[in-house]
Amino acid sequence: MLDIRLIREQTETVRTRLRQRGGDVWTLVDEVLSLDESRRKAETEKQALQSERNRVSKEIGFAKKQGQDTSPIEAEMRTIGDRVDALNKEAADLDARQETLLLSIPNLPHEACPAGASAEENPEVRVWGTKPVLAFAPKDHVVLGTELKMLDFEAGVKISGSAFVVYRGAGARLERALINFLLDLHTTQHGYTEIAPPLLVKPEALVGTGQLPKFEDQLYACERDGLYLLPTAEVPVTNLHREEIVDPAVLPICYAAYTPCFRREAGSAGLGTRGLIRMHQFDKVELVKICLPQDSMEELEKLTANAERVLQLLGLHYRVIELCTGDIGFGSAKTYDIEVWAPGQGTYLEVSSCSNFGDYQSRRMKLRYKDAETKKNLFPHTLNGSGTALARLFVALVETYQQADGSIALPPALQPYFGAAEIRNPS
RNA sequence: GGAGAGGUGGCUGAGUGGUCGAAAGCAACGCUUUGCUAAAGCGUCGUAGCUCAAAAGGUUACCGAGGGUUCGAAUCCCUCCCUCUCCGCCA
């Protein structure tokens, strides 16, 4: 969340930057400021009374020891107590309202975030490789996966409903090979520590990373237990250090985690999309970083490069785009999306979104570090990016490496993980 | 799920109604002494809010969480949560 002091002291800047996101969130600035003013007024008044009460209470203690009758003062203090209670309620109420409001205000886009109204204005940053040229009409992954008995969409529907899939045989094995390949790459080559987190998380964790309170309708909830299925490993992994004061010497902290991700995709336009493109459950390897504020932009570049490395090693053509102010996510200050080419789709698919959240998440989750010089507790910056999403990587992979005879030739990097060089029809 | 024990500052641990944000020890940091190390001495050493132009200072809150009793609560009462041990169940 945004620092209320920043809103107070640099109101115009905050308003302007929020405005760049589009919509009308910027209008919440005035609301939060007026709430803040009443809150502080109530607080100050309350504290003056409490101070008075503390002082007199001590005097009563002394007087009683000397055997004096203190009942008149006590009666007087009772009325002060009542006023304190009332003011306390008022202050607590205003504080809660301010907190709620602050939690629903998105992050400020960074100066380095390109201005723009919508996805159409996202600039392309770079392109790697070229679109593969096939000597035949490419099949899409649904056809390929079904023919090779790797993907069973009907079974997914039977067991769990639409937008669920069953991987089987070589498909299940390929998925597992990809997971291992990605984790090994990031842990042994890029210096990330592997994490295997719980898949059910508390609401506090989701507030910390920004999914709650605003996006509850996108989450699967286990109401009996007050837990949610995670929509991304970003949630448990970033929250590993929630409410901690970390030693700056250990920064940057770099974590890599494989987890399934669960998303309701309520109201999502693409939910009817054919195949694996948009599922309620999909696998993902997520990269998370916690670093010093001055390092976060450089870390974002590294993080993005680490995710790109996946596609390079797999020989998949991709492009990197930068999200403009009108398109970046709720908590993000700057985001790169990596889109891989899928020949069967004839389009680019987003397989990674790498974001610098600045101190937006760490403030929400009270994650801090003690500054070596000033000894003050400051908020570190958090980042995360997919490294990468598996389902769409699967799509790009089988569609790119499909052969004229309907088999799939796997790229060399994956062969040791898969245990074979190609996937053929098992029958 | 059943029974019991317990939750106090980075850690250990004292504190059963008043001057306690909290003794003491350890750890950490700074200074002094010291050829280095070690040791000793002195000092500093929680978090958040409000106030203040800022710093200093002042002030409030926080002893698992939330309520209650009281002029006054770490301390008394209630509810909840968590941890540990044992039993049951279980991958």
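It should be emphasised that the depicted structure is a prediction, and the values quoted were computed from it without experimental measurement. In the text below, chain A, chain B and the rest are named by the order of the sequence lines, each starting its count at 1.
Looking at E265(A) and R278(A), a side-chain N of the basic residue comes within less than 4.0 Å of a carboxylate O on the acidic one, giving a salt bridge. Salt bridge annotation for E399(A)-K139(A): absent, with no cationic side-chain nitrogen under 4.0 angstrom from a carboxylate oxygen. Taking a cutoff of 4.0 Å between a charged side-chain nitrogen and a carboxylate oxygen, R363(A) and D3(A) qualify as a salt bridge. Between R40(A) and E43(A), no side-chain nitrogen of the basic residue sits less than 4.0 Å from a carboxylate oxygen of the acidic one, so the salt-bridge criterion is not met.
Across the protein-nucleic acid pair, R39(A) atom CZ and U60(B) atom C1' stand 13 Å apart, rounded to whole Å. K89(A) has its NZ atom 17 Å from the P atom of A61(B), to the nearest Å. In this structure, Q68(A) atom CD and C71(B) atom P are separated by 18 Å, rounded to whole Å. Between the P atom of A73(B) and the CG atom of D85(A) lies a distance of 11 Å, rounded to the nearest Å. Atoms CD (Q50(A)) and P (U59(B)) sit 14 Å apart, rounded to a whole Å. Atom NZ of K46(A) and atom C1' of A48(B) are 12 Å apart (whole Å). Distance R53(A) CZ to U59(B) P: 16 Å, rounded to the nearest Å. Straight-line distance from the CD atom of Q98(A) to the P atom of G49(B): 11 Å, rounded to whole Å.
A gap of 15 Å separates the C1' atoms of G88(B) and G4(B), to the nearest Å. Taking the P atoms as reference points, G46(B) lies 31 Å from C36(B), given to the whole Å. As rounded to the nearest Å, C20(B) and U8(B) have C1' atoms that lie 12 Å from one another. Between the C1' atoms of C11(B) and A65(B), the separation comes to 23 Å (whole Å). Taking atom C1' in both G18(B) and G72(B), one finds a spacing of 7 Å when rounded to whole Å. Taking atom P in both U70(B) and G64(B), the straight-line distance is 23 Å, to the nearest Å. The P atoms of C63(B) and G7(B) are separated by 14 Å, rounded to the nearest whole Å. Separation of the P atoms belonging to C71(B) and A28(B) is 48 Å when rounded to the nearest angstrom.
Note on K370(A): a side-chain N or O is less than 4.0 Å away from OP1 or OP2 of U47(B). Proximity of R5(A) to the phosphate of G49(B): a side-chain N or O atom is located under 4.0 Å from OP1 or OP2. Distances shorter than 4.0 Å separate some side-chain N or O of N54(A) from OP1 or OP2 on A61(B). OP1 or OP2 of U60(B) sits under 4.0 Å from a side-chain N or O of S51(A). Between R40(A) and the phosphate of G49(B), there is no side-chain N or O to OP1/OP2 separation shorter than 4.0 Å.
Pairing for C86(B) goes to G2(B), judged as Watson-Crick or G-U wobble with the two contacts each under 3.5 Å. Within the shown strands, nothing qualifies as a pairing partner of G72(B) under the Watson-Crick or G-U definition with both distances less than 3.5 Å. Within the shown strands, G49(B) is the pairing partner of U59(B) under the Watson-Crick or G-U definition, both distances less than 3.5 Å. The partner of G41(B) is C31(B), by the rule that a Watson-Crick or G-U pair needs both atom distances under 3.5 Å. With a cut-off of 3.5 Å on both Watson-Crick or G-U wobble distances, the partner of C80(B) is given as G64(B). Of all nucleotides present, none satisfies the Watson-Crick or G-U wobble test against G17(B) with each distance under 3.5 Å. Pairing of G9(B), defined by two Watson-Crick or G-U wobble distances under 3.5 Å, is not identified with any nucleotide.
Taking the ring axis of W26(A) as reference, the NZ or CZ atom of R15(A) does not stay both within 45° of it and closer than 6.0 Å to the ring centre.
N377(A) comes within contact range of the sugar-phosphate backbone alone, with a heavy-atom separation under 4.0 Å but no base atom that close. R8(A) comes within 4.0 angstrom of sugar-phosphate atoms only, judged by non-hydrogen atoms across all strands, and of no base. Residue contacts shown for I73(A) are absent, as no nucleic acid heavy atom lies under 4.0 Å away. When heavy atoms are screened at a 4.0 angstrom cut-off, R55(A) is found touching no nucleic acid atom at all. Note on K64(A): a base of the nucleic acid sits closer than 4.0 angstrom, heavy atoms only.
When every heavy atom of A115(A) is checked against every heavy atom of T325(A), the shortest pair comes out as CA-OG1, 3.5 Å.
Between the base of G72(B) and the side chain of E74(A) there is no donor-acceptor pair shorter than 3.5 Å.
Each of I60(A) and K41(A) was matched to the nucleotide of RNA chain B holding its nearest heavy atom; the match closer to the 5' end belongs to K41(A). Comparing R78(A) and E59(A) along RNA chain B, the residue whose closest nucleotide (by nearest heavy atom) sits nearer the 5' end is E59(A).
Distances from the side chain of M77(A) to the nucleotides U60(B), C71(B), U51(B) place C71(B) closest.
Between F215(A) and F330(A), the ring centre distance stays below 6.0 Å.
Evaluated for a side chain to side chain contact (heavy atoms under 4.5 Å, CB included) with V288(A), the options L383(A), T238(A), V235(A) yield exactly one hit, T238(A).
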